[in-house]
Amino acid sequence: MTLLLEFLGCKVNSYEVEAIAQEFFDHGFKLFDSDNEDSPDVIIINTCAVTETSVTKDKKMIRHYKKLYPNAIICVMGCYSQYKGEYISEELGAQIVIGTSNRNKLFSLYEKYIATKKNIYLHDENNSIKNYEVLHVNKFLFNTRAYVKIQDGCNNFCTYCLIPYIRGRSRSRDKDDIVNEIKTLIYNGHREIVLTGVDMSSYGLDFKEKISFSDLLEYIILNVPNLYRLRISSLEISLLDDKFLHLLEKYDVLANHLHIPLQSGSKEVVKKMNRKYEIDLFKEKIGLIRKIRPGISITTDVIVGFPGESEVNFIETYRSCEEIKFSKIHVFPYSDREGTIASKMNDKIPNNVKKDRVHRLMALSKNLEEEYSKEFYGQEIEFLFEEYDDLLKGYKGHSSNYLECYVQSEENLKGAIKKVKFTKENSLEF
């Protein structure tokens with residue numbers, strides 16, 4: 001029996017699909033090999049619904065595999081199937097559809113389908129999802145770095161975002177369960193651990209025992225002494241308390257890179273987005289981080305074209321990004337999400353204006369990225385090499401501060417840590 005795995009979207013989705021696959025492998029399944037096999041027996045697709053573009057990709061992927069492998073059993077899970085599960089089941093023809101819970105039941109649902117040949121659509125209301133769903137990964141199939149999910153759900157209710165409605169309220173994973181998984185992943189060869197979650201700033205709020213994300217970081221560092229590198233996938237500025245700054249100063253094991261979403265640099269737009277920070281405080285905290293780690297890479301997300309965003313508002317965002325000097329900006333045009341507050345707002349921005357603002361901010365991002373990389377040209381930097389690239393004829397790897405380079409080597413460098421002189425010639429874009 002063979003299994004084909006796909007996911008769209010974030011690192012959380014990557015973790016979840018690998019965790020679900022684990023049980024299938026434990027029952028004798030093997031990864032589908034398209035070069036030597038005609039069709040997989042089961043296809044698992046973990047979907048994303050954060051933007052309309054994500055949804056379009058979800059539908060395209062499901063239709064593609066339905067047509068390409070008509071005899072395969074297609075299992076769809078994740079944010080889009082929580083959002084539009086009935087449509088996926090009835091119109092797109094997936095045999096098994098679940099949402100953002102019940103993922104640890106997927107193998108038993110597959111067995112039920114085999115026995116009954118009846119399509120399964122299992123849906124939980126978001127307000128009924130109370131507890132963290134425990135999943136485990138022993139070893140990642142496709143990544144040298146290993147993702148560890150610590151939290152699910154979100155309490156923030158940004159006006160443009162569906163995630164609190166789809167993923168439910170914030171639920172946290174037990175700290176010892178997290179540490180045990182990290183130890184297992186290190187034992188199985190992973191050198192870098194990436195902590196991920198839907199809103200890690202909410203970690204521990206649902207526990208009776210008082211524990212914060214910073215407390216969890218310290219607990220991991222103290223209890224996993226052989227950890228080479230601990231990276232944080234994304235965190236809100238509200239997370240950056242004094243203890244976090246202390247840990248950043250004290251422990252080199254924490255990667256020299258943080259991804260902190262800005263979304264807008266305009267006070268007016270930030271308020272309309274219901275973001276939980278003041279832009280001046282955002283800049284102040286970034287300054288504190290840079291005092292502790294002057295060479296740190298700080299990347300961000302920005303949404304342009306939010307309803308009512310004037311040219312003046314956009315310029316405020318542009319100048320905020322210039323002032324903060326992010327090392328990369330992930331730029332997204334605003335996308336209406338049915339059911340959100342922002343979707344009901346007036347003064348929608350025309351697509352051509354959004355497209356123009358995307359291009360302008362991406363041009364700034366490219367300049368900032370080049371400026372940041374230049375600071376390190378000629379330096380001997382330690383890289384963790386992750387994969388061989390056939391086009392480059394070399395191994396690609398990342399440094400602690402997320403610089404990317406490649407080197408040509410007859411030695412297999414996958415998973416190796418090696419000091420390399422970083423130059424313009426061997427550098428790659430983020």
Side-chain angles (χ1 to χ4, degrees), residues 3 5 7 9-27 29 31 44 46 77-78 100-107 129-153 167 170-207 209 211-235 239 244 247 251 253-255 259 384 386 398 400 415 417:
L3 183 67
L5 304 171
F7 79 95
C10 62
K11 293 177 176 66
V12 170
N13 278 6
S14 173
Y15 174 89
E16 289 168 352
V17 80
E18 293 254 14
I20 297 306
Q22 199 83 53
E23 188 171 7
F24 281 82
F25 296 142
D26 290 345
H27 283 85
F29 274 75
L31 265 184
I44 298 175
N46 201 7
M77 64 182 190
T100 54
S101 61
N102 297 307
R103 288 161 295 209
N104 55 8
K105 299 176 184 174
L106 190 56
F107 184 79
I129 306 172
K130 303 292 186 185
N131 299 314
Y132 182 85
E133 183 179 36
V134 178
L135 302 169
H136 290 103
V137 179
N138 296 326
K139 184 176 174 63
F140 276 74
L141 300 169
F142 308 112
N143 304 316
T144 302
R145 63 170 80 105
Y147 305 139
V148 173
K149 182 180 169 186
I150 67 164
Q151 176 273 343
D152 205 340
R167 288 263 179 181
S170 181
R171 291 97 62 203
S172 307
R173 184 178 180 183
D174 177 76
K175 66 181 188 300
D176 289 310
D177 194 37
I178 294 168
V179 164
N180 288 337
E181 182 167 82
I182 291 173
K183 288 178 177 178
T184 299
L185 290 164
I186 293 172
Y187 178 81
N188 287 327
H190 292 288
R191 307 300 296 275
E192 179 177 312
I193 302 297
V194 184
L195 298 183
T196 189
V198 175
D199 175 29
M200 291 194 292
S201 60
S202 299
Y203 181 84
L205 293 181
D206 52 322
F207 289 152
E209 172 196 2
I211 180 171
S212 67
F213 177 76
S214 298
D215 294 331
L216 174 67
L217 276 185
E218 184 177 49
Y219 189 76
I220 292 169
I221 293 166
L222 296 178
N223 286 278
V224 191
N226 58 338
L227 176 59
Y228 168 67
R229 184 185 293 163
L230 184 63
R231 194 178 296 277
I232 302 162
S233 61
S234 179
L235 51 112
L239 184 69
F244 180 86
L247 296 174
Y251 296 108
V253 68
L254 288 173
H259 184 81
L384 171 59
E386 294 144 8
H398 285 91
S400 177
I417 298 163

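Both backbone and side-chain heavy atoms feed into the values below; hydrogens, waters and symmetry mates do not. Predicted model, so just to flag it, every value in this text is computed and none were measured. For reference, positions follow the sequence shown, starting with 1.
Side chain to side chain, H136 and Q22 fail the donor-acceptor criterion of an N or O pair below 3.5 Å. S202 and Q151 form no side-chain donor-acceptor contact under 3.5 Å, judged by distance and modelled atom types alone.
With contacts defined as side-chain heavy-atom distances shorter than 4.5 Å, the pair N104/V134 does not qualify. For the pair T100/D152, no side-chain contact is recorded, criterion being any heavy-atom separation below 4.5 Å from C-beta on. At a threshold of 4.5 Å between non-hydrogen side-chain atoms, the residues F25 and L31 count as touching. Under the 4.5 Å side-chain criterion, counting only non-hydrogen atoms from C-beta, I150 is in contact with F213. Side-chain contact between Y228 and I193: absent, with no pair of heavy atoms (C-beta onward) separated by less than 4.5 Å. Contact check for F7 versus M77: no side-chain heavy atoms found under the 4.5 Å cut-off. Contact of the K11 side chain with the S234 side chain is not registered, since no non-hydrogen atoms from C-beta on lie closer than 4.5 Å. Counting heavy atoms from C-beta outward, I211 and Y203 have side chains that approach closer than 4.5 Å.
Closest non-hydrogen pair, G415 versus L384, comes out as O-CD1, 3.8 Å. What you find for Y15 and R173 is that their closest heavy atoms are OH-NH1, 3.3 Å. Minimum heavy-atom separation, M200 to S233: CE-OG, 3.8 Å. Contact detail for V253 and L227: the closest heavy-atom pair is CG2-O, 3.4 Å. Of all non-hydrogen atoms in A21 and L3, the two that sit nearest each other are CB-CD2, 3.9 Å.
Put simply, the side chain of E18 never gets that close to the backbone of I20: no donor and acceptor are under 3.5 Å apart. At least one donor-acceptor pair closer than 3.5 Å links the side chain of D206 to the backbone N or O of S172. Distance alone, capped at 3.5 Å, places no donor-acceptor pair between the H259 side chain and the I232 backbone. Between the N102 side chain and the K105 main chain, no donor and acceptor come within less than 3.5 Å of each other. Between the side chain of N188 and the main chain of N138, a donor-acceptor pair closer than 3.5 Å is present. No donor-acceptor pair closer than 3.5 Å links the side chain of H190 to the backbone N or O of K139. Formation of a donor-acceptor pair under 3.5 Å by the N13 side chain with backbone atoms of G9 is not found in this model.
Between atom CG of residue D215 and atom CZ of residue F244 there is a gap of 12.5 Å, rounded to the nearest 0.5 Å. The OH atom of Y187 sits 12.0 Å away from the CG atom of N226 when rounded to the nearest 0.5 Å. Between atom CG of residue L254 and atom CD of residue E218 there is a gap of 10.5 Å, rounded to the nearest 0.5 Å. Here the OG1-CG distance, from T196 to L235, works out to 11.0 Å after rounding to the nearest 0.5 Å. Note that the CG atom of L247 and the CD1 atom of I221 stand 5.5 Å from one another [nearest 0.5 Å]. Note: R171 CZ to L205 CG = 13.5 Å, rounded to the nearest 0.5 Å.
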*Might you work through the side-chain contact (heavy atoms from CB on, under 4.5 Å) test for V148 and V137, ending with a clear yes or no?*
CA-CA 8 Å; V148 173; V137 179; over 6 Å; no

*Stepwise side chain to side chain donor-acceptor pair (under 3.5 Å) test for D174 and Y132*: CA-CA 9 Å; D174 177 76; Y132 182 85; over 6 Å; no

*Mind running ring-ring contact (aromatic ring centres under 6.0 Å, His included) on F24 and F29 for me, showing each step along the way?*
CA-CA 6 Å; F24 281 82; F29 274 75; 5.2 Å; yes

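Between F107 and H27, the angle of the ring planes stays under 30°, which puts this pair in the parallel group of the 30/60° scheme.
Shown here are the side chain to side chain donor-acceptor pair (under 3.5 Å) partners of E16, two or more places apart in sequence or in another chain: N46, R103, K149, R167.
Within the structure, the salt bridge (charged side-chain N to carboxylate O under 4.0 Å, His left out) test picks out the following pairs touching residues 182-200 (sequence neighbours left out): R145-E192, E192-R229, E192-R231.
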